[in-house]
Protein chains: 2
Amino acid sequence: MSANAELALQSLRQAEVRITPPRRVVIEVLASQEHLTAPEVVEAVQKRAPAISRASVYRTLDLLTRLGICRIATMGLPIVRYTLTPTGNHHHLVCSNCLRAFEFDSCGLSALVPELEARTGFRISGHLLEAYGLCADCQQAESVTE
Amino acid sequence: MSANAELALQSLRQAEVRITPPRRVVIEVLASQEHLTAPEVVEAVQKRAPAISRASVYRTLDLLTRLGICRIATMGLPIVRYTLTPTGNHHHLVCSNCLRAFEFDSCGLSALVPELEARTGFRISGHLLEAYGLCADCQQAESVTE
DNA sequence: ATGCATGCAAAGAGTTTGCAAGACA
DNA sequence: TGTCTTGCAAACTCTTTGCATGCAT
């Protein structure tokens, strides 16, 4: 079991919800791959444990999302994708042309959080940043065509 | 017709796609309200022009998204929402408890874009930032309960 | 022991697609 | 005029729900 999965289970315990086989397996699946759609999670879960129902997967994804254990990102497309976010933060760079997505770590935003909290009264626990643009490859292809 | 709608139409012309009544109406609807779901756009479009089909709305939303004229955000929930983004940028602060969402303007990120471009080779055209946390009200409610 | 969570299956939404007809440039 | 876009309607996929059963605590 991965460290991220362990962290997620701990969060479940803290939230005082029961730890059941379906929940365990959904977490394992999410820990094994990022940016999965709900149907993809269903498929992966049932590959590991065919008896687990679609409904439980949906209910678990909903639970994990409400608890902030996983986060939703779309990469610019109208498709919801789930990812475990132990740090609470998540950053992508998405190419508008080829639609490839890249992760990046530091976004320099942590420094801005205190100011944002002061201004808004929020206590901020995490963020998602998606930047859109043209990747190096597509810029090149574009300049050739023009 | 709002300024944002005009901008969107100009982008369509630049992209050399035809400007048709369904496309116009979808843009007007998106210009009139942010964060609409696809079914909400369908409803609003058909209120203005009942003859426009659901399929055209979906096709138009897809087109606008691919052209970067509108952007997708989820506010942390597994529901895709469309918003016209003339600047290319978009910022929310979402309360994990009451699920209310607030917009904010400057995110201090523009300063970081050049560095990110240099590091990744991307040419960045816009971004979405969603921060999650507890709003002031929910923090208070929480401290009362505890 | 008890109340929460599950599986099942059906219903309900939401989205996509093929094709003939129509309209933009 | 030619090509792109539309509307229709059906098919499809995805998601939610009620309820009896089972299980985590």
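The sequence lines fix the lettering, A, B, ..., with proteins before strands; numbering per chain opens at 1.
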Listed nucleotide nearest any side-chain atom of [X], set [options]:
{"X": "Y58(A)", "options": "dC24(C), dT16(D), dG7(C)", "result": "dT16(D)"}
{"X": "A38(A)", "options": "dG3(C), dT15(D), dC24(C)", "result": "dT15(D)"}
{"X": "I19(A)", "options": "dT25(D), dG7(C), dA5(C)", "result": "dT25(D)"}
{"X": "R59(B)", "options": "dA9(D), dC24(C), dT6(D)", "result": "dT6(D)"}
{"X": "P39(B)", "options": "dT15(C), dA5(C), dG7(D)", "result": "dT15(C)"}
{"X": "P22(A)", "options": "dT6(C), dC14(D), dA25(C)", "result": "dT6(C)"}

[X] [atom1] to [N] [atom2], straight-line distance once rounded to whole Å:
{"X": "L63(B)", "N": "dC24(C)", "atom1": "CG", "atom2": "P", "result": "16 Å"}
{"X": "L64(A)", "N": "dA5(C)", "atom1": "CG", "atom2": "C1'", "result": "14 Å"}
{"X": "I72(B)", "N": "dG14(C)", "atom1": "CD1", "atom2": "C1'", "result": "15 Å"}
{"X": "Q46(A)", "N": "dT6(C)", "atom1": "CD", "atom2": "P", "result": "14 Å"}
{"X": "L61(A)", "N": "dC14(D)", "atom1": "CG", "atom2": "P", "result": "14 Å"}
{"X": "I52(A)", "N": "dG7(C)", "atom1": "CD1", "atom2": "P", "result": "6 Å"}
{"X": "R24(A)", "N": "dA24(D)", "atom1": "CZ", "atom2": "P", "result": "10 Å"}
{"X": "I79(A)", "N": "dG14(C)", "atom1": "CD1", "atom2": "P", "result": "17 Å"}

Between E16(A) and P21(B), who's closer to the 5' end of DNA chain C by nearest nucleotide?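 Between the two, 5'-proximity favours E16(A).
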I want to confirm an ordering. Mapping R54(B) and V17(B) to their closest nucleotides on DNA chain C, which one lands closer to the 5' end?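 Nearest nucleotide further toward 5': that of R54(B).
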So do the side chains of L12(A) and L63(A) get within less than 4.5 Å of each other, counting heavy atoms only? yes
Would you call the rings of H90(B) and H35(B) parallel, tilted or perpendicular, taking 30° and 60° as the class edges? parallel
Does dG7(D) have OP1 or OP2 under 4.0 Å away from a side-chain N or O of S56(B)?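 It does, given that an N or O in the side chain of S56(B) lies less than 4.0 Å from OP1 or OP2 of dG7(D).
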Within less than 4.0 Å of OP1 or OP2 of dC24(C), is there a side-chain N or O belonging to T20(B)?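 T20(B) to dC24(C) OP1/OP2: no side-chain N or O under 4.0 Å.
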Is E130(B) reaching over with its side chain to a backbone N or O of M75(B), donor-acceptor style, under 3.5 angstrom?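 Answer holds: yes.
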Can R24(B) and E28(B) be counted as an ion pair, charged N to O under 4.0 angstrom?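 No, R24(B) and E28(B) are not salt-bridged.
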Residue pair P78(B)/A55(B) against DNA chain D: nearer the 5' end by closest nucleotide is A55(B)
If you pin V80(A) and R18(A) to their nearest nucleotides in DNA chain D, which one's is more 5'?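 Looking at the nearest nucleotide for each, V80(A) comes out on the 5' side.
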Distance in Å, T65(B) OG1 paired with I72(B) CD1, rounded so as to fall on 0.5 Å steps: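 The CD1 atom of I72(B) is 4.5 Å from OG1 of T65(B), to the nearest 0.5 Å.
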